[in-house]
Structures are given as C-alpha cells and as structure tokens.
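Heavy-atom basis, side chains included; hydrogens, waters and symmetry copies ignored.
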There are 2 protein chains.
Amino acid sequence: MEYEEKIPSCDCVSEHRDIVEKVRKEMSDDEIIYDMAELFKVFGDSTRVKILDALFVSEMCVCDLASVLEMKQSAVSHQLRILKQARLIKFRKEGKAVYYSMADEHVRKIFDQAINHLEE
Amino acid sequence: MEYEEKIPSCDCVSEHRDIVEKVRKEMSDDEIIYDMAELFKVFGDSTRVKILDALFVSEMCVCDLASVLEMKQSAVSHQLRILKQARLIKFRKEGKAVYYSMADEHVRKIFDQAINHLEE
DNA sequence: CATTCATATGAATATATATTCATATGTTCA
DNA sequence: TGAACATATGAATATATATTCATATGAATG
C-alpha cells in the first residue's frame with residue numbers, strides 16, 4: 001500500500017501538485033544544469049574575465065598576461081589552467097614561451113549577452 | 001627624471017612592451033569586467049541555474065520551487081534573493097504567496113550560448 | 001651539460017559563499 | 001485579535017576556491 005508521498009523538503013500545505021509535476025518533467029537534466037553552472041563558475045571570477053577580455057585583443061604569453069593584469073605569474077598560470085580545462089582558450093608553444101588565445105567565438109557571444117543584460 | 005617603470009608582478013625579461021600596451025589600451029574597463037564576473041557568479045551555482053531553468057517552464061511560488069528542487073524553503077529563498085538582486089527574476093505577491101518568474105529573455109539567450117559551447 | 005629563463009604545480013592560507021537552523025515578518029481567516 | 005501559514009532573514013557552519021610562496025619541469029643557449 002502506497003502512502004501519498006510527502007516531499008520532505010517542503011513544509012508548505014498549499015503546494016500546487018500539477019505545476020510541480022509539469023515543471024519536474026520539463027526541466028533540463030541535472031547533468032546539463034550541473035555542467036552549465038560549472039561553465040558559468042569559470043566566468044564568475046574577475047581575473048578570468050579579464051584574461052579572456054585581454055585575449056580578445058591579442059594572443060599573449062603568460063608573462064605578458066601577468067604584466068597586463070599586474071598579477072603574479074603563478075596566479076595567472078593557475079587561472080589559465082582552469083580556462084584551458086573549460087576549453088575556453090587554446091595555446092601554442094614557441095620555445096620557452098606558451099602563447100594563449102581564445103578557443104572559439106562562444107565566449108564573445110556569451111559576454112555580449114551579459115553586457116546586454118547589464119546595460120539594460 | 002623618470003625611471004623605466006618596472007611592473008612588479010612580472011619577473012619575465014622578454015616582455016612584449018608593444019603588445020602589452022595595446023592590450024592595456026583596448027581592454028574593457030575594470031568596472032565592466034567586475035560587473036560581468038559578478039553576473040556570471042550568479043549563474044555559477046547549480047541551485048540557481050536550476051531555479052532559473054524551472055522558472056523557464058512556469059512561474060512558481062517559493063513553496064513549489066522548494067518542492068521541485070527538493071530543498072529547504074530557506075535555502076531557496078536565500079538564492080531567490082540573489083537572483084532578484086541581479087534583476088534576473090521578478091515577483092508578484094498574491095496573499096501569503098510570492099510568485100517568482102523570469103525577468104526577461106537575456107537569461108535564455110545566455111543559457112543557449114552556454115549550451116552551444118558545452119555541446120561542441 | 002650547466003645555467004638561465006618561462007611556465008606549471010603542490011601546499012598553505014585567506015576569503016567567499018551555500019546551506020541549515022531558528023526566528024522574524026507579514027498575510028489571511030476564523 | 002489570535003492562530004496558522006508563506007516567506008524572509010540573521011547567525012553559524014561547512015565547503016569551495018583564489019592567491020601566494022616555494023619549487024618543479026622543460027626548453028634554449030653558451
């Protein structure tokens with residue numbers, strides 16, 4: 001015999017069962033939501049936004065990026081690793097130097113939409 | 001008499017002065033970069049992404065959202081406040097209940113671009 | 001092949017923040 | 001007006017993460 005399932009986390013009485021069911025069905029999969037949040041987390045740091053913004057202008061080596069951002073080389077390198085893992089930037093090696101640049105046009109588009117929202 | 005300014009944070013010798021200067025000039029203002037990072041920080045949490053994703057389907061009261069997300073009412077409420085402050089959601093009051101919904105179409109567009117990147 | 005230079009990385013620290021609990025606020029209705 | 005309900009919020013805790021320091025890796029060069 002089945003009990004009417006009581007969702008433990010909502011103590012409200014006037015829950016709208018139909019709406020809740022509909023939304024549960026139509027929502028994106030948890031994995032997509034998780035991946036999106038992870039991607040936005042990468043954008044959610046001003047150092048990384050600044051790096052991307054700088055790379056829009058020109059490819060650069062780590063040293064130059066550190067100079068532009070006025071930050072320690074190691075701090076920049078740590079952040080570059082995160083951007084690289086998110087496939088937002090790419091790199092090429094030339095002797096001792098490593099030159100980083102934007103991976104594709106998606107970031108530009110995402111940034112533009114963000115600016116649209118901020119300017120509104 | 002001016003000294004050649006030594007940027008303290010970059011200890012590299014082979015800095016490319018011209019590139020660094022160019023990038024410094026063409027980069028976005030710090031304030032814009034900061035604001036963008038703050039906005040993305042709001043998107044950078046799976047609970048908040050899930051709330052927005054749910055509100056794409058339908059407006060809902062806090063109670064229903066808590067039910068959909070299987071989270072405590074207070075946790076949802078705290079996150080709603082952050083989304084509200086970022087002007088990503090709006091609300092209307094109806095008796096005791098508060099119904100939340102999407103503020104505009106920007107979020108949809110930003111999410112779509114993010115998905116584009118993830119699917120690539 | 002030893003040195004120098006550019007970058008990467010591990011550990012430690014400091015800071016930010018998501019959730020929970022307890023409770024406050026505000027609304028409805030008897 | 002008092003009881004019940006829906007939401008908001010402050011404080012505390014736990015967790016995540018950005019930066020720094022120290023050092024490792026790896027390439028060029030004399």
Side-chain angles (χ1 to χ4, degrees), chain A residues 7-16 19-20 33-34 37-51 59-86 89-101, chain B residues 7-16 19-20 33-34 37-51 59-86 89-101:
Chain A
I7 288 116
S9 35
C10 180
D11 51 1
C12 300
V13 172
S14 60
E15 190 189 323
H16 307 87
I19 295 283
V20 168
I33 287 174
Y34 178 81
E38 286 304 300
L39 176 60
F40 286 126
K41 212 170 282 184
V42 174
F43 292 129
D45 174 84
S46 53
T47 294
R48 288 192 290 268
V49 173
K50 204 177 276 190
I51 290 174
E59 73 160 15
M60 265 178 291
C61 65
V62 180
C63 162
D64 288 346
L65 270 169
S67 181
V68 166
L69 305 186
E70 297 182 44
M71 288 179 62
K72 307 268 179 169
Q73 174 269 325
S74 69
V76 174
S77 188
H78 278 299
Q79 298 310 324
L80 286 170
R81 179 171 46 76
I82 292 170
L83 292 167
K84 202 162 49 180
Q85 280 171 349
I89 58 174
K90 57 187 178 182
F91 64 95
R92 64 182 180 85
K93 297 188 178 182
E94 191 178 304
K96 283 175 286 187
V98 180
Y99 290 86
Y100 284 91
S101 58
Chain B
I7 289 118
S9 36
C10 180
D11 51 0
C12 300
V13 172
S14 61
E15 190 190 323
H16 307 87
I19 294 283
V20 169
I33 287 175
Y34 178 81
E38 287 304 299
L39 177 60
F40 287 126
K41 212 170 283 184
V42 174
F43 292 130
D45 174 84
S46 53
T47 294
R48 288 191 291 266
V49 172
K50 205 177 275 191
I51 289 175
E59 74 160 14
M60 265 178 291
C61 66
V62 179
C63 163
D64 289 345
L65 270 169
S67 181
V68 166
L69 305 186
E70 297 182 44
M71 288 180 62
K72 308 267 179 169
Q73 173 270 325
S74 69
V76 174
S77 187
H78 277 300
Q79 298 310 324
L80 286 170
R81 180 171 45 78
I82 292 171
L83 292 167
K84 203 162 48 179
Q85 280 171 350
I89 59 175
K90 57 187 178 184
F91 64 95
R92 63 182 181 85
K93 297 188 178 181
E94 191 177 305
K96 283 175 284 187
V98 180
Y99 290 87
Y100 284 91
S101 58

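Between atom SG of residue A/C61 and atom CD of residue A/Q73 there is a gap of 10.5 Å, rounded to the nearest 0.5 Å. Atom CG in B/L80 sits 4.5 Å away from atom CD1 in B/I51 (nearest 0.5 Å). Distance check: A/K50 NZ to B/I33 CD1 gives 5.5 Å after rounding to the nearest 0.5 Å. Considering NE2 of B/H16 and SG of A/C63, their distance stands at 7.5 Å, rounded to 0.5 Å. To the nearest 0.5 Å, the span separating CG on A/L39 from CZ on B/F40 amounts to 8.5 Å.
The side-chain contact (heavy atoms from CB on, under 4.5 Å) test applied to B/V42 returns B/R48, B/I82, B/L83, B/A86, B/L88, not counting sequence neighbours. Residues passing the side chain to side chain donor-acceptor pair (under 3.5 Å) test with A/Q85: none are found, sequence neighbours excluded. For the side-chain contact (heavy atoms from CB on, under 4.5 Å) test, no residue two or more places apart in sequence or in another chain qualifies with B/K96.
In plain terms, the two heavy atoms of A/V76 and A/A66 that are nearest each other are CG2-CA, 3.8 Å. Between B/I89 and B/K84, the closest heavy-atom pair is CG1-N, 3.7 Å.
Between A/Q85 atom CD and C/dA8 atom P the separation is 12 Å, expressed in whole Å. We find that CG of A/L65 is positioned 10 Å from P of C/dA8, with the value rounded to whole Å. Remark: P of D/dA6 and OH of B/Y99 are 10 Å apart, rounded to the nearest angstrom.
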_Sequence-aligned protein contact record of nucleotides 25-30 of chain D, with B where the base is within under 4.0 Å of a protein heavy atom and S where only the sugar-phosphate is_ = -BBS--
*For every nucleotide of nucleotides 16-24 of chain C, 5' to 3': is a protein heavy atom under 4.0 Å from its base (B), only from its sugar-phosphate (S), or from neither (-)?*
-SSBBBB--
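Counting non-hydrogen atoms under 4.0 angstrom, A/Y100 reaches the backbone sugars and phosphates but no base.
For the helix from C/dC1-D/dG30 to C/dA30-D/dT1, the rotation axes defined at the first and last 5 base pairs enclose an angle of 20°, given to the nearest 10°.
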